[in-house]
Amino acid sequence: MFLRNVMRKIASQKSLNGLAIKKNYFGTTSSLLDDFSINANEKTGVSVITMSKTPANSLNLEFIQELSMAIQKLNMEKSCRGIILTSSLPSIFSAGLDILEMYQPEPDRLEKFWTEFQEIWLALYSSPKTVMSAINGHSPAGGCIIALATDYRIMKPKFTIGLNETMLGIVAPFWAEDSMKAVIGQRRSEYSLQLGKLYTAEEALQINLIDEISDNPLQACEDEMMNWLKLPDHARTLTKFQNRGHIIEKMKKGRKEDLEKFVKFIPREGIQMALGTYLDNLKSRKKKQLKTCVSDVELIVRKIKYNLEDYTKTTFFYLGAQDGILAENLINSGCKKVIVTEHKKSNEEHLNEIQNRFREKFLRFTRFPNSRIIEEYKLDGLEEKNWHTQPKVAVILTLLTNDRSKLSLNSYLLRKQFPFNFGRTPIFLLTDNTESKVILMNETNLQTEKRIPSRALSYMFLYDRTLLAEIPRLKPSQKYTKLIKIQPKSDLVDLLYDEDKFKEAEVFLKHFFNKPYERVIPKIEKICPNLGSELIDMNITMLDRVKDLDFRIIGEIFRLVASNDNYSRNIIRVLSSRHEF
Ligand SMILES: CCCCCC/C=C\CC(=O)SCCNC(=O)CCNC(=O)[C@H](O)C(C)(C)COP(=O)(O)OP(=O)(O)OC[C@H]1O[C@@H](n2cnc3c(N)ncnc32)[C@H](O)[C@@H]1OP(=O)(O)O
């Protein structure tokens, strides 16, 4: 039955020839989004699809849609006999599915996303053409699924390939598993999938996951393709379907159920946590690779300290107008995009003053249509269409407050300004209000405001012309409902970047937080009464919650607290030298 359908399909392609694909099929064409190009060789009948979606050829909805459409067209193009998939990126074939499509997803989009992924797999796996992968870089998870759907795989040495889904806390779909089994066998496949194995090209060759290694996989594929094209297409295609028919049929039958499973599975809290952590690790791994001790956080701080030089390309939000000095500094330093907001009713006079001050620099002054209380300023020259492009860094200058209404206003604003997922954009919160209290917002706080992952609010600063506090990355898994009272002291700047002290604090804190809270607090109180009560003030009352915190965060809290009394900076040293802790 399946073969009969295939025969019919092949026959119908003849009549579709020329209709399905543009007349000038030969030559090079680019995708609408410029994420890949197709070079169709008239002489050989081989089309090379080169993926070029920076930075990682990660497969998001639009990319998959376009790619899938192109493959389907090639599948129907009679003059095309072979397809080679490759990448123009120097070290990545494809990083697999775009994790951001799955992290904090929109239900509709998630459904479309998976449907398209199924579609592209089918288009490749059941392609009547000879399809090869010139894997010239890493090819994990979805990248490997794509490669496995082709007929022949040639890979560049040293790079890695595999179905590492379990590393992300997710499960490869049954059809990808089936295609892997068909290539490397049941036992090896089960082993690789369960362990989320990523193999180097050399290891992959050993287990037949790839067919060849070459320093120039594209050239090698082109050469190999010539061998395949020596055979009559119909015989080769029918043989392919004889081999793959049962897998394709099974996929088509289970496709709906597979989709339902996916859209149910991905938004689960535990899965989201795992994906969030994986993303965080991806980011921090990158920083380590860069071999620099200068983190994004430090960079931004340095730049702010030095009059915000080079900050012209950064997007700043200024939530809560306050006296507007920070916003003014930013504008004067050439920043192109500052959004200033204020609770109008509560501070109308102030707002007017700011508006007057900034009037010359702002293009217009608008009011959010759905809000009575928010005013928005935009800088001259800011183009509306650029608003929704993801900024490299977003800095939010805000009156950090424990006032819930302001907080929710701020989160409302964020959502309003960026109605897309913040993804991996680090966000910095700054304030020049030295009396501020900081609330670490969490998913619970933002539940109604949804779109902003807690991870996005991952860097917080207190700013009073000199930097006061840095609270680095928070883990999305944690529930931050604590109030952290930060006492400013401007000469803390040096202390904050004293690596030795940081290490000291970490050692102490690791030790400290392994103990039950009730036993620890009285001891802290003995050494430093204020510190104990400050901790209580901070709502750090549950050690089981606190112990998961990034120790750097706790370290910062301690420093800040400690710096405000007579024990000053030595407090951590004193505490850490107490072995009874
Ligand atoms: C019922 C549930 C069924 C679910 C079935 C799911 C099926 C398939 C799942 C997937 O495909 S999930 C994706 C899995 N992919 C990975 O695990 C790969 C992650 N990436 C890497 O390991 C590395 O990026 C790399 C591919 C080895 C390349 O390393 P390199 O050092 O060269 O580059 P990076 O600096 O790490 O990356 C550049 C840039 O791209 C971002 N990025 C990388 N991979 C992804 C991705 N898959 N999705 C989104 N973004 C990705 C990375 O964070 C960097 O971003 P910036 O820091 O520059 O902003």
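All ligand and atom numbering here is 1-based and tracks the order in the structure.
At under 3.5 Å, not a single nitrogen or oxygen of W114, backbone or side chain, sits near a nitrogen or oxygen of ligand 1. Considering backbone and side-chain atoms together, E165 places no N or O closer than 3.5 Å to any N or O of ligand 1. No N or O atom of I92 sits closer than 3.5 Å to an N or O atom of ligand 1. At least one N/O-N/O distance between G142 and ligand 1 falls below 3.5 Å. The N/O atoms of L97, backbone and side chain alike, include one that comes under 3.5 Å of an N/O atom in ligand 1. Looking at ligand 1, you won't find any N or O of I170 less than 3.5 Å from one of its N or O atoms.
By the 4.0 Å N-to-carboxylate-O rule, K156 lies too far from D215 to be salt-bridged with it. Salt-bridge formation is detected for the pair K256/E260: a Lys NZ or Arg NE/NH1/NH2 atom is positioned less than 4.0 Å from an Asp or Glu carboxylate oxygen. Between K181 and E177, at least one side-chain nitrogen of the basic residue sits less than 4.0 Å from a carboxylate oxygen of the acidic one, meeting the salt-bridge criterion. Using a cutoff of 4.0 Å between basic side-chain nitrogens and carboxylate oxygens, D151 and R244 are scored as salt-bridged.
Listed by number with element, the atoms of ligand 1 under 4.0 angstrom from any heavy atom of D98 are 48 (N), 49 (C). Short contacts between ligand 1 and A56, defined as distances under 4.0 Å to a heavy atom of the residue, involve ligand atoms 40 (O), 43 (C). If you number the atoms of ligand 1 from 1 as listed, the ones under 4.0 Å from a heavy atom of S58 come out as 46 (C), 48 (N). Within ligand 1, counting atoms from 1 as listed, the ones closer than 4.0 Å to a heavy atom of S91 are 32 (O). Of all atoms in ligand 1, numbered sequentially from 1 with element shown, those under 4.0 Å from a heavy atom of V171 are 2 (C), 3 (C), 4 (C), 5 (C).
The only member of W114, F262, W121 that meets side-chain contact (heavy atoms from CB on, under 4.5 Å) when paired with P173 is W114.
Across every non-hydrogen atom of N75 and S127, the tightest pair is OD1-OG, 2.7 Å.
If you look at L282 next to ligand 1, the close heavy atoms, those under 4.0 Å, all belong to the side chain. With a heavy-atom cut-off of 4.0 Å, L279 does not touch ligand 1 at all.
Although no hydrogens or angles enter the test, the distance criterion places no donor-acceptor pair under 3.5 Å between the side chain of Q72 and the main chain of A123.
One finds the CZ atom of R255 at 5.5 Å from the CG atom of L122 (value rounded to the nearest 0.5 Å). Atoms CG and CD1, from L275 and I266 in turn, are 6.0 Å apart once rounded to the nearest 0.5 Å.
Heavy-atom separations between K261 and ligand 1 are all 4.0 Å or longer. At least one heavy atom of M102 sits less than 4.0 Å from an atom of ligand 1.
The shortest distance between side-chain heavy atoms of I154 and I135 does not fall below 4.5 Å.
Across the listed options G96, A141, A95, A95 owns the non-hydrogen atom lying nearest to atom 15 (N) of ligand 1.
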